[in-house]
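This report concerns only the one structure given below.
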2 protein chains.
Amino acid sequence: MKKANTPSRRRGDLMSPACPSRDVLKHLTSRWGILAVVALQGGSTLRFGELRRAIGGVSERMLAHTLQLLEGDGMVERIAHPVVPPHVEYRLTPLGREAATRLRGLAEWIEGSLPRFQKVWKEQGSADRLAR
Amino acid sequence: MKKANTPSRRRGDLMSPACPSRDVLKHLTSRWGILAVVALQGGSTLRFGELRRAIGGVSERMLAHTLQLLEGDGMVERIAHPVVPPHVEYRLTPLGREAATRLRGLAEWIEGSLPRFQKVWKEQGSADRLAR
DNA sequence: CGGTATCCCAAAGGATACTG
DNA sequence: CAGTATCCTTTGGGATACCG
């Protein structure tokens, strides 16, 4: 019979409420998701503590949780060396590096555009009306 | 005197906990932020209801709130025609279009990579261990 | 060192009803 | 039509303590 449409496993649609691609987006856009990927960008492998210090403000609990989400999506690889004290390294997988390209672009654009945002915030009183 | 460093208004640093650029990231990565920007991408102006139908699953309350955040950051422009019944249109500002470029790239990559994510989810039992 | 386990809270977000 | 207002539930995420 027709194989014209393979509805389920062809391609995601973020505009559809039930699409599994929403989960990927959710993980990447969790509070620390983007920052973790960006911190790992560059191919370097980082230890848990290094990563934690690189990402200002993240708690151990949330960093571990975020890394598990990303590992579950195949974007981060966890390498645990069986020594004591523990030595665990994280690095991006090929899939994660693809994500990192986009996320780094976004991150750098935001950072570089900050002066313009601040101008907007100053000109209008948006800071007062809305929770920042 | 030296003008070598203008610490505050030069450029953002997302890795710093207190940097205001974190607010922009937070707004864009709120549950509906990216989807709203992507839905408006293309330069077209959309009415509130059209936008709502375009973004599957968003409630009126959250769409209005998200649009206000984006408007407050100068990425979305709200054009209200004083007629009855109300007629309100939304479109991206130049700043918003710059964001849209990055976000559309991310969104399309996620959508196109869904088969690979599903493969990862199937191979490892990550769906069981972690909340999706 | 690199985590879990537990507890707790603020905030994000949904449902519903109402309004200019 | 395009919102607010209100109420309520869920959950993201911080603090702390403990463990292999």
Side-chain angles (χ1 to χ4, degrees), chain A residues 14 17-18 22-36 39-40 45-73 76-91 129-132, chain B residues 14 17-18 22-36 39-40 45-73 76-91 126 128-132:
Chain A
L14 286 171
R22 287 250 173 121
D23 293 323
V24 179
L25 183 66
K26 186 174 178 180
H27 298 167
L28 285 176
T29 62
S30 68
R31 180 158 185 193
W32 307 108
I34 290 183
L35 299 182
L40 285 171
T45 140
L46 292 179
R47 299 188 56 169
F48 184 86
E50 292 175 321
L51 211 35
R52 177 152 149 64
R53 279 184 296 276
I55 305 170
V58 69
S59 66
E60 288 186 9
R61 176 178 168 339
M62 289 317 298
L63 179 56
H65 181 65
T66 301
L67 289 170
Q68 285 168 4
L69 285 181
L70 296 174
E71 190 189 2
D73 291 343
V76 162
E77 184 181 6
R78 179 180 184 274
I79 305 128
H81 300 89
V83 296
V84 43
H87 184 109
V88 181
E89 298 190 324
Y90 292 90
R91 75 161 104 150
R129 299 184 359 253
L130 293 168
R132 307 218 344 234
Chain B
L14 285 172
R22 286 247 174 125
D23 293 324
V24 179
L25 184 66
K26 185 173 176 181
H27 298 167
L28 285 177
T29 62
S30 69
R31 179 158 187 194
W32 307 108
I34 289 182
L35 298 182
L40 283 170
T45 140
L46 291 180
R47 300 189 56 171
F48 183 86
E50 292 175 321
L51 212 34
R52 178 153 147 65
R53 280 184 295 276
I55 305 170
V58 68
S59 65
E60 288 187 8
R61 174 166 150 27
M62 290 316 298
L63 179 56
H65 181 65
T66 301
L67 289 170
Q68 284 168 6
L69 285 181
L70 296 174
E71 190 189 1
D73 291 343
V76 162
E77 184 181 5
R78 179 180 184 275
I79 305 129
H81 299 90
V83 296
V84 41
H87 184 109
V88 181
E89 298 191 323
Y90 292 90
R91 75 161 106 151
S126 69
D128 309 312
R129 302 188 353 257
L130 293 166
R132 305 230 331 248

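Just so it is clear: chains get the letters A, B, ... in the order the sequence lines come, proteins before strands, and each one is counted from 1.
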Pairs under 3.5 Å (N/O, protein and nucleotides 14-20 of chain C):
{"residue": "C/dG14", "atom": "OP1", "partner": "B/Arg31", "partner atom": "NH1", "Å": "2.6"}
{"residue": "C/dG14", "atom": "OP2", "partner": "B/Trp32", "partner atom": "NE1", "Å": "3.4"}
{"residue": "C/dG14", "atom": "O6", "partner": "B/Arg61", "partner atom": "NE", "Å": "2.6"}
{"residue": "C/dG14", "atom": "O6", "partner": "B/Arg61", "partner atom": "NH2", "Å": "3.1"}
{"residue": "C/dA15", "atom": "N6", "partner": "B/Arg61", "partner atom": "NE", "Å": "3.4"}

Check the distance between [N]'s [atom2] and [X]'s [atom1] and give it to me in whole angstrom.
X	N	atom1	atom2	value
A/His65	C/dT6	NE2	C1'	16 Å
B/Leu69	D/dG3	CG	P	14 Å
A/Tyr90	C/dC1	OH	P	15 Å
B/Leu46	D/dG3	CG	P	13 Å
A/Ile79	C/dG3	CD1	C1'	17 Å
A/Leu63	C/dC1	CG	P	15 Å
B/Arg53	D/dG3	CZ	C1'	15 Å
B/Gln68	D/dG3	CD	C1'	9 Å

Please check this pair: side chain of A/Arg22 against backbone of A/Leu14, looking for a donor-acceptor N/O pair closer than 3.5 Å.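 Side chain of A/Arg22 to backbone of A/Leu14, a donor-acceptor pair under 3.5 Å: yes, one is there.
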
Can you tell me if B/Arg91 uses its side chain to pair, donor with acceptor, with the backbone of B/Leu40 under 3.5 Å? no

To the side chain of B/Ala64, which of C/dC1, D/dT4, C/dG3 is closest? D/dT4

Is there a side-chain contact between B/Leu28 and B/Leu69 in this structure, where contact means two heavy atoms from C-beta onward sitting under 4.5 Å apart? no

So, do B/Thr66 and B/Val58 sit near enough that their side-chain heavy atoms are less than 4.5 Å apart? no

Within this structure, what is the [atom1]-[atom2] distance for the pair [X] and [Y], rounded to the nearest 0.5 Å?
X	Y	atom1	atom2	value
B/Ile34	B/His27	CD1	NE2	13.5 Å
B/Leu67	B/Glu71	CG	CD	8.5 Å
B/Lys26	A/Arg31	NZ	CZ	6.5 Å

Tell me whether the side-chain N/O atoms of A/Arg52 come closer than 4.0 Å to OP1 or OP2 in C/dG3. no

Of A/Gly49 and B/Ser30, the one whose closest DNA chain C nucleotide lies more 5': A/Gly49

